[in-house]
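The structure that follows is given in the form of C-alpha coordinates.
Model, not experiment: these values are computed from the prediction.
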Amino acid sequence: MNKYLKRGLIITLLGIAICAFGLYLKDIESDWYGIILIVGVIIFGVGFVTIVYSLIRKIERQSILEERAEQAAENKE
(Lines give C-alpha, C1' and ligand atoms only; values in the text may rest on other atoms or scores of the structure.)
Protein backbone atom coordinates (compact mmCIF):
# COMPACT_ATOMS: atom_id res chain seq x y z
CA MET A 1 0.00 0.00 0.00
CA ASN A 2 1.67 3.21 -1.13
CA LYS A 3 1.38 6.62 0.51
CA TYR A 4 -1.19 7.92 -1.99
CA LEU A 5 -3.51 5.00 -1.38
CA LYS A 6 -3.25 5.43 2.39
CA ARG A 7 -3.89 9.16 2.13
CA GLY A 8 -6.78 8.58 -0.23
CA LEU A 9 -8.44 6.09 2.09
CA ILE A 10 -8.00 8.34 5.11
CA ILE A 11 -9.31 11.42 3.28
CA THR A 12 -12.26 9.44 1.87
CA LEU A 13 -13.21 8.14 5.31
CA LEU A 14 -12.87 11.65 6.72
CA GLY A 15 -15.21 12.94 4.00
CA ILE A 16 -17.77 10.26 4.82
CA ALA A 17 -17.57 11.13 8.52
CA ILE A 18 -18.04 14.83 7.80
CA CYS A 19 -21.04 14.07 5.58
CA ALA A 20 -22.53 11.93 8.34
CA PHE A 21 -22.04 14.81 10.76
CA GLY A 22 -23.75 17.11 8.27
CA LEU A 23 -26.73 14.78 8.08
CA TYR A 24 -26.85 14.72 11.88
CA LEU A 25 -26.93 18.52 11.89
CA LYS A 26 -29.76 18.40 9.35
CA ASP A 27 -31.77 16.13 11.65
CA ILE A 28 -31.41 18.54 14.56
CA GLU A 29 -32.30 21.42 12.19
CA SER A 30 -29.05 23.33 12.42
CA ASP A 31 -28.35 26.00 9.80
CA TRP A 32 -24.75 24.80 9.33
CA TYR A 33 -25.63 21.44 7.78
CA GLY A 34 -25.44 22.70 4.18
CA ILE A 35 -21.93 24.03 4.51
CA ILE A 36 -20.76 20.92 6.37
CA LEU A 37 -22.25 18.66 3.68
CA ILE A 38 -20.55 20.63 0.91
CA VAL A 39 -17.19 20.41 2.68
CA GLY A 40 -17.72 16.67 3.27
CA VAL A 41 -18.49 16.00 -0.38
CA ILE A 42 -15.44 17.97 -1.53
CA ILE A 43 -13.16 16.12 0.90
CA PHE A 44 -14.66 12.79 -0.19
CA GLY A 45 -14.01 13.72 -3.83
CA VAL A 46 -10.39 14.61 -3.13
CA GLY A 47 -9.91 11.27 -1.37
CA PHE A 48 -11.48 9.37 -4.25
CA VAL A 49 -9.32 11.15 -6.81
CA THR A 50 -6.23 10.38 -4.70
CA ILE A 51 -7.13 6.67 -4.67
CA VAL A 52 -7.56 6.66 -8.46
CA TYR A 53 -4.25 8.50 -8.83
CA SER A 54 -2.48 5.85 -6.74
CA LEU A 55 -3.86 3.10 -8.95
CA ILE A 56 -2.75 4.92 -12.12
CA ARG A 57 0.74 5.38 -10.65
CA LYS A 58 0.93 1.66 -9.87
CA ILE A 59 -0.04 0.66 -13.40
CA GLU A 60 2.37 3.18 -14.92
CA ARG A 61 5.22 1.96 -12.73
CA GLN A 62 4.63 -1.64 -13.76
CA SER A 63 4.70 -0.72 -17.43
CA ILE A 64 7.96 1.22 -16.98
CA LEU A 65 9.55 -1.75 -15.23
CA GLU A 66 8.43 -4.09 -18.01
CA GLU A 67 9.84 -1.74 -20.64
CA ARG A 68 13.19 -1.56 -18.85
CA ALA A 69 13.31 -5.36 -18.59
CA GLU A 70 12.71 -5.65 -22.33
CA GLN A 71 15.46 -3.12 -23.05
CA ALA A 72 17.89 -4.97 -20.79
CA ALA A 73 17.09 -8.25 -22.56
CA GLU A 74 17.72 -6.62 -25.95
CA ASN A 75 21.03 -5.16 -24.77
CA LYS A 76 22.25 -8.58 -23.59
CA GLU A 77 21.65 -10.05 -27.02
Side-chain angles (χ1 to χ4, degrees):
M1 190 180 291
N2 63 18
K3 67 180 179 180
Y4 294 106
L5 184 58
K6 287 179 187 176
R7 287 179 190 168
L9 289 174
I10 290 170
I11 294 171
T12 301
L13 293 176
L14 181 64
I16 291 171
I18 292 172
C19 285
F21 181 65
L23 291 174
Y24 168 75
L25 289 178
K26 184 178 179 181
D27 287 342
I28 62 171
E29 297 179 4
S30 174
D31 293 335
W32 288 93
Y33 80 91
I35 295 170
I36 300 295
L37 282 175
I38 291 170
V39 170
V41 168
I42 290 171
I43 291 174
F44 176 82
V46 169
F48 184 78
V49 168
T50 306
I51 291 172
V52 171
Y53 176 70
S54 74
L55 296 175
I56 291 171
R57 278 180 52 101
K58 183 176 182 179
I59 292 169
E60 185 176 335
R61 182 178 184 276
Q62 287 175 352
S63 66
I64 289 171
L65 291 176
E66 289 174 2
E67 184 178 321
R68 287 181 184 168
E70 289 174 4
Q71 288 177 354
E74 289 177 4
N75 290 339
K76 284 186 178 181
E77 294 176 357

**Item:** Sequence-distant partners of L9, side chain to side chain contact (heavy atoms under 4.5 Å, CB included), two or more places apart
**Value:**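 Checked L9 against side chain to side chain contact (heavy atoms under 4.5 Å, CB included); matches are M1, L5, I51.
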Heavy atoms, side chains only, cut-off 4.5 Å: are R61 and R57 in contact?
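Result no, sub-4.5 Å side-chain heavy-atom pair not found.
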*asked:* Would you say L14 ends up clustered with L23 if hydrophobic residues are merged whenever their side chains have heavy atoms under 4.5 Å apart, either directly or through other cluster members?
replied: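 Yes, L23 and L14 fall within the same hydrophobic cluster.
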Could you name each residue pair satisfying ring-ring contact (aromatic ring centres under 6.0 Å, His included) that touches residues 17-46, not counting sequence neighbours?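 Counting only pairs at least two positions apart or across chains, no ring-ring contact (aromatic ring centres under 6.0 Å, His included) contact touches residues 17-46.
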Exercise for review: For V41, check side chain to side chain contact (heavy atoms under 4.5 Å, CB included) against everything at least two apart and list the hits.
Suggested key: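 For V41, the residues satisfying side chain to side chain contact (heavy atoms under 4.5 Å, CB included) (neighbours in sequence not counted) are C19.
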Tell me which pairs pass ring-ring contact (aromatic ring centres under 6.0 Å, His included) where either residue lies in residues 51-77, with sequence neighbours left out.
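Every pair satisfying ring-ring contact (aromatic ring centres under 6.0 Å, His included) with a residue in residues 51-77: Y4-Y53.
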Among residues two or more places apart or on two chains, list those pairs meeting ring-ring contact (aromatic ring centres under 6.0 Å, His included) that have a residue in residues 55-77.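 Residue pairs passing ring-ring contact (aromatic ring centres under 6.0 Å, His included), neighbours aside: none found.
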Next on the checklist: Check this for me: D27, atom CG, are more than 12 non-hydrogen atoms of other residues, nucleotides or ligands nearer than 6.0 Å?
Outcome noted: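 Count over threshold, so yes.
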So which pairs with a foot in residues 58-77 pass ring-ring contact (aromatic ring centres under 6.0 Å, His included), sequence neighbours left out?
->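 The answer is none; no pair qualifies.
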task: Under the side chain to side chain contact (heavy atoms under 4.5 Å, CB included) rule, collect the residues that match up with F48, sequence neighbours excluded.
output: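 Testing F48 for side chain to side chain contact (heavy atoms under 4.5 Å, CB included), a comparison that skips the adjacent residues, returns V52.
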(request) Output the distance between atom CD (E70) and atom CD (E66), rounded to the nearest 0.5 Å. (result)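 The CD atom of E66 is 7.0 Å from CD of E70, to the nearest 0.5 Å.
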**Prompt:** If every non-hydrogen atom of I18 is compared with every non-hydrogen atom of I43, which pair is closest and at what distance?
**Reply:**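 Scanning both residues, the minimum pair turns out to be CD1-CD1, 3.6 Å.
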Restricting to side chain to side chain contact (heavy atoms under 4.5 Å, CB included), what partner residues turn up for I64, sequence neighbours left out?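 E60, R68.
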